[in-house]
Amino acid sequence: MEKTWRWFGPNDKITLDMLRQIGVEGIVTALHHIPNGEVWSFEEVMKMKDYIESHGLRWSVVESLPVCESIKYAGPDRDELIEKYKESLANLGRAGVKTICYNFMPVLDWARTDLDYPNPDGTTNLYFNRAEFAYFDIYILRREGAEKDYDAETLRRVEELKPRMDKEAERRLVENIIVKTQGFVNGNISENDLEPVEKFRELLALYKDIDADGLRANMKYFLEAIMPVCNEYDINMCVHPDDPPLQILGLPRIVTCDADIRAFLDAVPDPHNGLTFCAGSLSAGTHNDVVELARKYASRTHFVHARICNVMPSGDFKESSHLDPRLVEIVKIFETERPGVPMRVDHAPLMLGDGEMGYNAGYSFHGRMLALGMVGGIMAAVNTLNK
């Protein structure tokens, strides 16, 4: 696999020169300065590509060319936005950038309740506390009927949690769930928004009449519209699984499991319609056998996210070691069956001063460098044994 790294552009505190020194081969990035829904011009694409190549690296993957909410819920400007998306794709294809990671998750790209959860070794990780998320849903967001979406044990934990949830604790949850995890990647909510909860309610309301079947139909409509451009320029579209792969906030979720993956691949059977195999997202659902899914969908995987999660009996989950045996097996599968496919590590621990550097949530330097070394070692071992 190609060793890639998610990089947030020239303003990223982690420089391309640093990445070249630690063995990174390809860059995963986007034109973050261009607002959602606007065309990525050929000139802007080439400016980024040339900058990356001037540092001895290549632009391997776009993550992401955002799919606007209006495309997902089929708003009145859907066709106009799809045409702009196709123009951006064509400009990327003309520039030779041909792997596009995107998602079709309504409103939220990913969800965690704690971005700095302490580990016994002194590092910290991302963490999803189901009771805290339920508290946010029920008592901060005040979503109608939210209580019905949680089991009795989770609701019991919420009641235990309530006495400790002062205004500072609630502010932290709001920042972690709907601000800090979203705003740095062309998200719907910016860190400058004064009323993020109210804006979040407005975004959720856009999907009040959209169920899973409706969202699947909208995804198929989008993919069928862009496939001619993908075929012309040999562009691989690879959807990111829902993170977490669970029903949350009353929103439809359609990339959560084996059946979901099979459904969108079958709906648009073009080989350019593929998967970003994020082992971390899929492993956050106990219903998923991630090793079996990797084996089953290797041929339709165009991009790999090498991370993994441990799920507790409570339903809470956190990022696990990149030497987790499941991830070792997954790396073996892709290194053997999809040589050259871009792979990046992410959601690594904060360590050795990472926490003081202001890195984007989940995207530390030292933690990811250690993870890249671990995964690189697995790859080397696999290749040695395969000789």
Side-chain angles (χ1 to χ4, degrees), residues 28-31 34 36-42 44-45 49 59-106 109 186 210 212-242 252-278 293 296-305 337-338 340-342:
V28 177
T29 195
L31 302 185
I34 298 179
N36 285 7
E38 295 302 314
V39 172
W40 290 12
S41 71
F42 180 72
E44 286 294 320
V45 169
K49 184 172 184 280
W59 190 358
S60 302
V61 180
V62 172
E63 187 177 351
S64 66
L65 180 58
V67 179
C68 292
E69 296 297 328
S70 190
I71 294 175
K72 296 175 186 176
Y73 65 77
D77 56 347
R78 170 172 66 168
D79 290 336
E80 177 187 350
L81 288 168
I82 290 176
E83 288 304 311
K84 290 182 177 180
Y85 201 99
K86 289 163 64 177
E87 189 174 345
S88 296
L89 282 179
N91 289 333
L92 287 162
R94 288 169 57 205
V97 183
K98 300 190 176 185
T99 302
I100 315 296
C101 173
Y102 72 104
N103 77 72
F104 222 78
M105 289 177 264
D109 279 357
N186 298 64
I210 306 291
D213 287 342
L215 189 62
R216 286 190 186 96
N218 294 343
M219 184 178 182
K220 180 180 180 181
Y221 184 95
F222 165 72
L223 287 171
E224 287 180 336
I226 67 171
M227 278 300 113
V229 179
C230 294
N231 280 296
E232 181 178 355
Y233 293 100
D234 194 25
I235 292 172
N236 288 324
M237 296 295 295
C238 36
V239 72
H240 191 287
D242 297 343
R253 309 277 275 184
I254 59 170
V255 192
T256 67
C257 62
D258 185 4
D260 285 350
I261 296 170
R262 185 78 267 153
F264 88 81
L265 293 177
D266 287 347
V268 182
D270 191 299
H272 293 102
N273 171 32
L275 177 67
T276 294
F277 194 92
C278 181
L293 290 177
K296 185 173 183 178
Y297 294 110
S299 65
R300 295 293 291 274
T301 293
H302 301 311
F303 185 29
V304 176
H305 285 185
E337 298 188 26
R338 296 285 280 123
V341 71

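As the structure is a prediction and not an experimental result, all values here were calculated from the model. Side chains included, hydrogens not; waters and symmetry mates left out as well; all remaining heavy atoms used.
- Every residue two or more places apart in sequence or in another chain that forms a side chain to side chain contact (heavy atoms under 4.5 Å, CB included) with D234 is listed here: K98, H272.
- Residues in residues 74-83 take part in these salt bridge (charged side-chain N to carboxylate O under 4.0 Å, His left out) pairs, two or more places apart or across chains: E80-K84, E83-K86.
- Just one residue in the list T276, N236, L275 forms a side-chain contact (heavy atoms from CB on, under 4.5 Å) with T301, and that residue is L275.
- The two residues N103 and D109 have their closest heavy-atom pair at ND2-OD1, 3.1 Å.
- Residue M219 comes nearest to Y102 through the heavy atom pair CE-OH, 3.4 Å, listed as atom of the first residue, atom of the second, then distance.
- Across all their heavy atoms, A30 and S64 have their closest contact at CB-O, 3.4 Å.
- Residues that satisfy the side chain to side chain contact (heavy atoms under 4.5 Å, CB included) test with S88, not counting sequence neighbours, are V39, W40, L65.
- Residues L215 and P106 have side chains in contact (heavy-atom distance under 4.5 Å, counting atoms from C-beta outward).
- Listed by chain and residue number, R94 satisfy the side chain to side chain donor-acceptor pair (under 3.5 Å) test with N91 (two or more places apart in sequence, or in another chain).
- Contacts of R300 classified as side chain to side chain donor-acceptor pair (under 3.5 Å), with partners at least two apart in sequence or in another chain: none.
- Here the shortest heavy-atom pairing between I82 and A225 reads CG2-CB, 3.7 Å.
- For R338, the salt bridge (charged side-chain N to carboxylate O under 4.0 Å, His left out) test picks out no residue, with sequence neighbours left out.
- Shortest non-hydrogen contact noted between A298 and E337 is CB-OE1, 3.6 Å.
- Here L92 contributes atom CG and W59 contributes atom CH2; the two are 5.5 Å apart, rounded to the nearest 0.5 Å.
- For the ring pair (Phe, Tyr, Trp, His ring centres under 6.0 Å) condition, the pairs that include at least one residue of residues 71-97, sequence neighbours left out, are Y73-Y207, Y85-F222.
- Every residue two or more places apart in sequence or in another chain that forms a ring pair (Phe, Tyr, Trp, His ring centres under 6.0 Å) with H305 is listed here: H240, F303.
- Legend: residues meeting side chain to side chain donor-acceptor pair (under 3.5 Å) with K49, ordered by chain and number and at least two apart, are E53.
- Note that CE of M105 is 10.5 Å distant from CD of E69, once rounded to the nearest 0.5 Å.
- Between H302 and P271, the closest heavy-atom pair is NE2-O, 3.1 Å.
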